[in-house]
Amino acid sequence: MKFGGTSVADIARIRVVAQHVKREVDAGHEVAVVVSAMSGKTNELVAWTRDASPMHDAREYDAVVASGEQVTAGLLAIALQHIGIDARSWQGWQIPIRTDNAHGAARITDIDGSELVRRFGLGQVAVIAGFQGLGPDNRIATLGRGGSDTSAVAIAAAVKADRCDIYTDVDGVYTTDPRIEPKARRLNRISFEEMLEMASLGAKVLQVRSVELAMVHKVRTFVRSSFEDPHAPGMGDFDNPPGTLICDEDEIVEQQVVTGIAYAKDEAQISLRRVSDRPGVAAGIFMPLAEANINVDMIVQNISEDGSRTDMTFTVPAGDLDKARLVLDQIQKDVGIDVVQSEGNMAKISVIGIGMRSHAGVAASAFKALADRGINIRAITTSEIKISILIDAAYTELAVRTLHSVYGLDKH
Ligand code: ADP
Ligand code: ASP
Ligand code: MG
């Protein structure tokens, strides 16, 4: 059972979480609980590290930001003990949850679940601090924002859990972010592939890495609500709890062409005009960007008219725009780029669905719908199961709602 930030936002909420845990314990299950920091806490801690120094040591960043989860793990263990449940808290290093050395965005490499399993046998609930582990340097490492989801799925895999329930402030995965489109509908099931696209294209309901792990280790993962009455009918239904099951494609009977719409704000667009067109140019541009740790997305290159010069456009996270411009300034002459143009305040809207593999015309209806609303498309990329469209961020909400209705996602 994993509980996110809003689910453990204060002591009253933590008491409700304890009741959800109690329900499962009373039903005879062995339970490991993963908690996030109280909502807003991690943002506050991150801001403090930046305030102390903009160029800080990533290991010390981790020492600071991991503390939020230490607090909630202890508090939930206390709340559980208070209602008569044997429980103890675990920090990442105590288990240990081993990670690689990428402080601030570490990946879990190994979890020794044996002590947890032994204590399950004694009837003890494990309350585990999410988002953190122990790096090869024996120092605390954190897993990147939203990383408690990944902690939960990884622990579920390590202890061979029957299920991993991700409790959050919505009661499942919706066709799009319900905060933007109130007509969004809850999906009963979504395939791993689609969830992976949704998450990586901006739907923050699950961290991308957690979906990858669930897919690889075949962890049955449910997204469900912590805000429902813990003892409401059906909440303890073991095989079919209320929420969204993330599963293999072939477990989904009724395939839709389009499953969901995701969006990502805070994108920036960079266009390189009249770039000399010869082998090695793309490498000459994108290698230095990669070395500067800039995540490049949506690369579009035109075919040059006369074989000598071409235009290239790509997107980067808005926060990396200044850094990217510096890198490009350094290589502009050598690579042969006439002009570098850039613009912040972009958004990427994506249409996702496995059914696209076998249906034509999905992209065309998106373009038509956006045109009817007067929304200009700046760049387009596609894969087998998704179409991504770059637009001005001001139109994000309108574009999401427009596409949501075009594919009939708001109809029952
Ligand atoms: P937690 O703190 O529990 O980890 P998050 O805020 O990380 O919760 O994730 C839940 C939020 O994800 C929801 O409140 C919702 O606004 C957002 N969200 C974005 N896209 C979707 C979607 N397709 N389905 C459900 N929630 C979504
Ligand atoms: N507390 C961490 C964050 O806010 C991890 C998480 O909530 O999943 O990113
Ligand atoms: Mg989250």
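None of these values were measured; they are calculated from a predicted model. Computation of the quantities below employed the complete heavy-atom set of this structure, encompassing side-chain atoms and omitting hydrogens, waters and symmetry-equivalent molecules. Counting starts at 1 for both ligands and their atoms, in listed order.
For the pairing with T175, the side chain to side chain donor-acceptor pair (under 3.5 Å) check across H404, R186, K183, R185 returns one residue only, H404. For the side chain to side chain donor-acceptor pair (under 3.5 Å) with Y167, the qualifying choice from R224, H20, K2 is R224, the only one to do so.
Here atom 6 (C) of ligand 2 lies nearest to S148 when heavy atoms of A37, S148, S151 are compared. Relative to atom 12 (O) of ligand 1, the option among I190, T42, V205, V223 with the closest non-hydrogen atom is V205.
The shortest N/O to N/O separation between S7 and ligand 1 does not fall below 3.5 Å. Not a single N or O atom of D149, backbone or side chain, sits closer than 3.5 Å to an N or O atom of ligand 1. Considering backbone and side-chain atoms alike, V170 places every N or O at 3.5 Å or more from each N or O of ligand 1. Taking only nitrogen or oxygen atoms, main chain and side chain alike, G146 reaches within less than 3.5 Å of ligand 2.
Counted by atom type alone, H103 and D137 present one or more donor-acceptor pairs between their side chains at under 3.5 Å. There is a side-chain donor-acceptor pair under 3.5 Å between N43 and R145. If you check the side chains of Q341 and R273, you find a donor sitting under 3.5 Å from an acceptor. A donor atom on one side chain and an acceptor atom on the other are found under 3.5 Å apart for T142 and D62. Neither side chain, Q256 nor T259, offers a donor N or O lying under 3.5 Å from an acceptor on the other.
Close to ligand 1: K2, with a non-hydrogen atom less than 4.0 angstrom away. The shortest heavy-atom distance from S36 to ligand 1 is not under 4.0 Å. Residue contacts with ligand 2: E69 is included, with a non-hydrogen atom under 4.0 Å away. Within the structure, ligand 1 has G172 among the residues with a heavy atom less than 4.0 angstrom away. Using a 4.0 Å cutoff on heavy atoms, G68 does not count as a contact of ligand 2. Not a single heavy atom of G130 lies less than 4.0 angstrom from ligand 2.
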task: Dump the intermediate steps for salt bridge (Lys or Arg N to Asp or Glu O under 4.0 Å) on E249 and R357, then the final yes or no.
output: CA-CA 13 Å; E249 199 180 317; R357 284 185 191 141; 3.2 Å; yes

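Under 4.0 Å from ligand 1, not a single heavy atom of I166 appears. The part of K204 lying near ligand 1 is the backbone, judged by heavy-atom distances below 4.0 Å. Counting heavy atoms closer than 4.0 Å to ligand 1, residue S148 contributes nothing at all.
For atom 23 (N) of ligand 1, the closest non-hydrogen atom on the protein side is Y174 O, 2.9 Å. In terms of protein heavy-atom proximity, atom 15 (C) of ligand 1 is closest to D177 OD1, 3.4 Å. For atom 7 (O) of ligand 2, the nearest non-hydrogen atom of the protein is S36 OG, 3.0 Å.
With F227 as the aromatic partner, R13 meets the cation-pi criteria of under 6.0 angstrom to the ring centre and within 45 degrees of the ring axis.
Heavy-atom minimum distance, V46 versus Y61: CG2-OH, 3.6 Å. Minimum interatomic distance between P136 and T99 (heavy atoms only, all atoms of both residues): CD-O, 3.2 Å.
Residue contact check: R145 has heavy atoms under 4.0 Å from atoms 3 (C), 4 (O), 9 (O) of ligand 2.
Of the possible polar contacts, none joining the E69 side chain to the F131 backbone as a donor-acceptor pair under 3.5 Å is found.
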